[in-house]
Structure formats: C-alpha cells, structure tokens
**Student:** 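Below is one structure. I have some questions about it.
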Protein chains: 2
Amino acid sequence: MSMTNNDELYKVFYWAAKMGSLTQAAKALYLTQPSVSHAIKQLEERVGVTLFYRNAKGVALTQEGKILFSYIEQSQILINLAEEKMVALKNLDSGELRIGGSDSLFKHYLLPFLEDFHIQYPGIKLHLKHGTTPEVISYLKDGRIDLGVVRMPIVDSLLEVTENIQLQDCFVAGERYAELKGQVLSMEQLMEYPVILFSRNSRVRMAITELFEKYGHELKPDIEVGSVDLLIEFARRGLGISFVTREFVSKELKEGSLFEIELDVEVPPSNVGMMIMRNMPISTAATKFMEMVR
Amino acid sequence: MSMTNNDELYKVFYWAAKMGSLTQAAKALYLTQPSVSHAIKQLEERVGVTLFYRNAKGVALTQEGKILFSYIEQSQILINLAEEKMVALKNLDSGELRIGGSDSLFKHYLLPFLEDFHIQYPGIKLHLKHGTTPEVISYLKDGRIDLGVVRMPIVDSLLEVTENIQLQDCFVAGERYAELKGQVLSMEQLMEYPVILFSRNSRVRMAITELFEKYGHELKPDIEVGSVDLLIEFARRGLGISFVTREFVSKELKEGSLFEIELDVEVPPSNVGMMIMRNMPISTAATKFMEMVR
DNA sequence: TATTGGTCATAGACACGGTCTATAGCTCCT
DNA sequence: AGGAGCTATAGACCGTGTCTATGACCAATA
C-alpha cells in the first residue's frame with residue numbers, strides 16, 4: 001500500500017514554505033501557480049494534515065506544517081548538497097583518482113602526466129597505490145583502485161588493457177667499467193662482471209632471467225637492490241652492471257655517468273600499459289587521465 | 001533550466017543501493033524491475049555519472065555512487081521520520097494543544113475535559129496559557145494558541161465562537177451573615193455589607209458593575225482579590241459577600257459553608273464559549289478537544 | 001466605496017513520462 | 001548444457017502532473 005510519489009511534493013512544499021508564497025515557489029520551481037497550489041493540496045490530503053494558512057499575502061505554515069518543514073528542510077538541503085557534489089564530480093572539480101603500479105613507473109613514467117593532471121584538475125585527489133603486478137591486479141578487482149599501470153603482457157579476461165608505451169631494458173655500467181664501452185658482450189662475458197638486479201619478483205627481473213635461461217645460463221645477481229634508484233646509483237658508483245629500463249636512465253646516459261652495454265642477443269622490449277576492469281563503468285577522472293596519457 | 005523531478009529518482013536510487021539489487025528495490029517500492037532499471041539509468045544520465053556496477057548478482061555502488069548515497073541516505077531517513085511524525089500527529093499520538101483562558105475557567109470548568117483528553121491522548125502536550133479575554137484573543141490572532149475559552153459575548157469578525165455552557169453569577173456569604181439566608185435583598189441593602197470582588201478587569205466584574213449602574217448604584221468593593229479561590233475563601237471566613245460564579249462554588253453551597261444571597265433583580269447569566277480563528281485551519285488535536293467539550 | 005493588484009482555488013484539457021509486459025542478454029552454478 | 005538468477009531493452013498504454021483560463025477573495029489604494 002505504498003501510495004508513494006510524495007517525494008516530489010516535498011520539494012514543492014519546501015519551496016512554498018521557504019518563499020511564504022505559492023506564486024513565488026512556482027517561479028522558483030519553473031511551474032505555474034495552480035500547479036503548486038494543486039501539489040500542496042495533494043500533499044495535505046496525503047499526510048492528512050493542513051500544512052498552510054492561506055491568506056491574501058501568501059501562505060504561512062501551520063503548527064503541524066512547521067514540524068514537517070523542520071524535517072523536509074534538512075532533507076532538501078542534503079539533496080541540494082548532493083547535486084552540487086555530483087556536478088563537481090562530473091566537472092572534475094572534486095573526486096579522486098586511484099592508480100596502482102610500481103614506484104618506478106610512477107616516478108619515471110607517470111610523473112609528468114600526474115603533474116599535468118593535477119595542474120589541470122587540482123580538485124581531484126590522487127591516490128597512488130604501490131604494489132607488484134599481481135597485487136595491482138587484485139586491488140583493481142577489489143575496487144580499491146581505478147586503474148593500474150604495469151608491465152605487459154597481462155592476460156586476464158576480466159581486465160581491459162591498453163598498451164601505451166614500449167620500454168627497452170638494458171644493461172648499464174659506470175666509469176669503472178669504461179673498458180666495455182662500444183663492445184658487444186656475450187652472456188658469458190657479461191656474467192663475469194658483478195650483476196646488480198632488482199630484488200623483488202618484478203616483471204623486469206623475471207624477463208631477463210628467463211632470457212638467460214633460454215640460452216642455458218643462470219643469471220644470478222651479485223647484488224640485489226630494492227628500488228630502481230639504487231639500481232642506478234650502484235651502477236654509477238661502479239659496484240657492478242645493472243639491468244635497468246633504458247628510458248629511466250636517459251639522463252645518466254646523456255650526461256655520461258652511465259653507458260649502455262650491448263649484448264649479442266636482443267633483449268625483447270617490454271610494454272607498459274594501463275588496465276581497467278572490463279565491463280565496469282570507469283570514473284570520469286580515470287577516463288580523463290587515460291586520455292591524457294594516450 | 002531546472003530539469004527537476006530528480007527527487008522521485010532519489011528514492012529509487014536509495015532503495016536500489018540499500019538492497020544491492022534492482023529487483024529487490026522494485027519489490028520494496030511496489031514497482032517492476034524494468035521500471036527501477038529505467039529510473040536508475042535516467043538518474044545516471046541526469047547527474048552525468050555512473051552510479052552502479054551491474055553484475056550477475058545485483059548491483060553495487062561505484063565510488064561516485066557511494067558519495068551520492070551518503071547524502072541521499074540521510075535525506076531519505078529524514079523523510080521517513082517526517083512521515084512517521086505526520087502519522088503520529090494525525091493519530092494524535094503526538095503534537096500539542098494550546099488553550100488560552102483564565103485560570104478560574106481552567107480550574108472550574110475545563111479541568112475534567114482536560115483530564116479526559118489527556119487520558120485518551122497522552123501523547124499530546126497541553127499548554128494552558130493564562131490571560132484576560134483581550135489577551136487571549138490576541139494570543140489567538142498571533143497563532144500562539146489553538147483555541148481560547150472565555151466569557152461571552154465576543155464580537156469579532158475574525159473569530160468563530162461556540163457557546164458551550166451557561167454560568168450563573170451570584171452573591172454568596174458564609175456563616176457570619178447567616179441572618180441573610182432566605183431573604184431577598186435589594187441592591188441598597190446588599191451594599192450595606194462589605195462586598196468582595198475580583199480585582200482584575202474581568203468580564204464578571206464588569207458585568208455586575210454595569211448591572212448596578214443600570215439601577216443607579218455604584219458598586220464599590222470593600223475588598224478586591226486576585227483569584228476566584230480567594231473570593232471563595234474570604235466569603236467563607238466571613239470577610240464579606242463575594243460575587244462568584246455559582247457553578248464554581250457548588251461544593252461549598254452543598255456542604256453549607258456558603259449560601260447564596262438572593263437579589264431582587266435578576267443577574268443575567270453569562271455564557272462561556274470557545275473561540276477559534278475564523279477561516280483558519282484548525283489542528284486535529286483542537287478539533288478533537290472541542291468535540292469532547294461539546 | 002469602488003478600483004486595482006495582488007493572493008490562492010478550481011475546472012477541464014492535454015501531453016508527457018513513468019510504468020507495465022514481454023523478451024533478450026548475461027553470468028554464475030549445478 | 002541447462003537452469004535460475006540478475007539487469008537491459010523495446011514498445012504500448014494509461015495516469016497524472018502541468019497547463020490555460022477563470023473565479024473568489026483580500027488589502028491597500030484613491
């Protein structure tokens with residue numbers, strides 16, 4: 001026995017009470033005065049209580065009307081706030097963008113985009129969630145991030161992946177091993193030098209390990225470090241040969257503090273891509289960000 | 001550019017979010033599932049934001065949907081409270097009844113009705129506002145009371161008056177003046193005794209003063225008191241002859257502590273009536289109370 | 001006291017849109 | 001593979017909210 005529909009009437013009631021006039025309420029609501037009059041009458045019938053005193057200069061709330069108004073006023077204010085908030089979300093004046101990925105990708109790949117995005121939409125809070133590729137995928141599936149940025153390839157039917165950029169990993173060394181400049185090394189030759197690898201089970205490390213295995217070699221690092229920054233720093237200081245992403249050391253390569261060591265086999269490039277949940281709506285902020293990156 | 005109407009959709013949104021299922025929401029709202037589906041879609045178009053993730057086991061709020069829900073939930077809860085409150089007001093489980101009048105009328109005339117009313121509708125708060133007749137009328141016009149109980153006649157085009165009971169005022173004395181029992185006094189004879197009158201500009205006092213004036217006498221009290229109780233008490237203790245409403249001293253007359261002094265002119269009866277504002281809606285509580293009194 | 005300009009109420013017609021039924025598409029589970 | 005959920009879509013219909021036109025009323029003017 002719902003007899004619902006009252007909600008619309010409450011809005012009319014709210015404005016009528018607020019303006020103290022059905023005519024004025026009609027203007028505020030872009031309706032005609034008879035419509036408002038009719039709506040109020042209907043509401044009064046439904047609640048079974050007279051809500052307004054009518055007189056020649058407008059309307060005034062009855063005792064019971066005042067009680068109703070005290071509730072409805074709050075309710076309508078909340079709705080107005082909600083609508084403002086929604087507009088802000090749509091216009092990207094407010095909201096948040098949650099991205100998952102590795103710190104190195106954030107720092108060396110996403111940073112300029114994040115900066116641009118933040119300048120353009122300062123109201124959007126950025127949440128960067130650090131994690132390995134499988135962690136990022138699970139964050140995505142749990143709805144804890146809006147999009148993930150990881151190394152390809154990813155095969156997951158639930159995910160929608162767009163490959164954005166191709167990165168080339170390579171071995172680099174510092175001045176200490178200047179003798180290797182210009183040479184093309186074989187795997188065996190390279191393994192005679194101390195090798196520095198990323199310590200975590202990252203995509204990059206797995207890829208290079210597999211590449212060596214394919215040729216019958218077991219690549220064991222002499223040093224393992226926990227961040228790309230240390231990988232670079234150790235190589236510069238001559239502690240060994242680091243396996244890094246070329247694009248992440250472009251500055252060092254240019255200034256000469258590091259140089260690339262060429263190998264006689266080709267290291268396959270790795271792709272970095274963004275992934276979102278397939279068949280799930282994507283937030284306006286995430287859409288905008290992906291457009292910027294593309 | 002209002003594009004209004006959203007209010008109804010918010011209710012659907014609220015239930016859909018609350019139930020986590022459009023089908024369940026439809027049941028709760030006594031609608032069909034397609035209607036709810038359509039409503040949600042429409043709301044999403046209007047706010048320009050996707051609000052739900054749809055999947056095989058129902059729906060779940062998106063990040064933005066959650067934000068909207070946090071507002072709308074409060075709003076809907078307030079509306080529900082408002083509707084409950086209105087039902088309570090209509091059923092007289094709640095609310096208030098504000099009556100204006102003189103203390104003596106409250107005590108001697110209205111008290112039994114007030115008791116009955118309070119027993120029958122314990123949820124209604126009773127506000128008794130004390131004042132002279134003109135004060136009560138202004139309270140009524142200011143909307144500070146729902147109804148007034150005063151002595152008649154009242155002539156005011158803005159008021160609607162119903163006369164409920166007829167009271168007879170009379171002179172009474174105590175044992176000290178036992179010699180007057182059974183006698184019929186003239187005005188002159190009566191004025192030889194000390195007369196006790198109500199001190200305020202009450203209807204009763206004005207009426208008796210005018211009656212004496214009509215016969216060429218000026219009735220000046222030897223004692224003036226401020227309440228009907230004192231009027232009675234002074235007479236009982238033999239301080240003089242009091243002019244009181246007979247119905248208010250019925251107990252004393254019966255037990256013999258007071259007796260009535262008959263006058264050779266008839267004191268016109270006075271009517272007590274209830275008045276409300278003409279052409280103004282009257283609260284359910286006030287209507288009910290007037291019915292009880294009538 | 002008649003006039004004017006404001007208020008709200010009523011009547012009746014119209015059209016928009018909310019709701020329905022029927023059906024399809026999808027996912028999960030057995 | 002089939003069934004049992006769920007939501008989405010299509011199209012028709014009827015209800016109702018809105019409109020215009022008008023009336024009734026009041027208050028403040030002249």
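We name chains A, B, ... by the order of the sequence lines, and we start the count at 1 in each one.
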**Student:** Take atom CG of B:N55 and atom C1' of C:dC29, then tell me their distance rounded to the nearest Å.
**Tutor:** 15 Å
**Student:** Give the nucleotide from the list D:dC6, D:dT18, C:dT19 with an atom nearest to the side chain of B:S21.
**Tutor:** D:dC6
**Student:** Could you check whether any side-chain N or O of B:R98 sits under 3.5 Å from a backbone N or O of B:A286, counting only pairs where one atom can act as donor and the other as acceptor?
**Tutor:** no
**Student:** The side chain of B:K57 lies closest to which of these nucleotides: C:dC29, C:dG18, C:dC8?
**Tutor:** C:dC29
**Student:** Is the phosphate of C:dC20 approached by B:T32 (side-chain N or O, under 4.0 Å from OP1 or OP2)?
**Tutor:** yes
**Student:** On DNA chain D, check which nucleotide each of A:P34 and A:V12 is closest to and give me the residue with the more 5' one.
**Tutor:** A:V12
**Student:** So which nucleotide from D:dT7, C:dT27, C:dC8 ends up closest to the side chain of B:A56?
**Tutor:** C:dT27
**Student:** Can you check whether A:S37 has a side-chain N or O nearer than 4.0 Å to OP1 or OP2 of C:dC8?
**Tutor:** no
**Student:** Select one nucleotide: of D:dT9, D:dC19, C:dT19, the one nearest the side-chain heavy atoms of B:L31.
**Tutor:** C:dT19
**Student:** State whether a side-chain donor-acceptor pair under 3.5 Å links B:Y10 with A:E83.
**Tutor:** yes
**Student:** Look at the side chain of B:E163 and the backbone N and O of B:G273, then say whether any donor-acceptor pair between them is shorter than 3.5 Å.
**Tutor:** no
**Student:** For B:E8 and C:dG17, what is the distance between atoms CD and C1' respectively, to the nearest whole Å?
**Tutor:** 13 Å
**Student:** In this structure, how many angstroms lie between the C1' atom of C:dA9 and the OH atom of A:Y53, rounded?
**Tutor:** 19 Å
**Student:** Could you tell me whether the phosphate oxygens of C:dC20, OP1 or OP2, come under 4.0 Å of any side-chain nitrogen or oxygen in B:S35?
**Tutor:** yes
**Student:** Specify the separation, in whole Å, of atom CD of A:E44 and atom P of C:dT10.
**Tutor:** 11 Å
**Student:** So what does A:Q33 hit on the nucleic acid, given a heavy-atom distance under 4.0 Å: a base, only sugar-phosphate, or nothing?
**Tutor:** base
**Student:** What is the distance from NE2 of B:H38 to P of D:dC6, rounded to the nearest Å?
**Tutor:** 21 Å
**Student:** Does one side chain, of A:T287 or A:T284, offer a donor that lies under 3.5 Å from an acceptor on the other?
**Tutor:** no
**Student:** Could you check how far OH of B:Y30 sits from P of D:dG15, rounded to whole Å?
**Tutor:** 21 Å
**Student:** Report the distance from atom NZ of A:K41 to atom P of D:dT16, rounded to the nearest whole Å.
**Tutor:** 16 Å
**Student:** Does C:dT7 have OP1 or OP2 sitting under 4.0 Å from an N or O in the side chain of A:R54?
**Tutor:** no
**Student:** Taking CZ from B:F52 and C1' from D:dA8, how many angstroms apart are they, rounded to a whole number?
**Tutor:** 15 Å
**Student:** Between D:dT9, C:dT7, D:dT7, which one does the side chain of A:T23 approach most closely?
**Tutor:** C:dT7
**Student:** Have A:Q76 and B:D7 got a donor and an acceptor in their side chains that come within less than 3.5 Å?
**Tutor:** yes
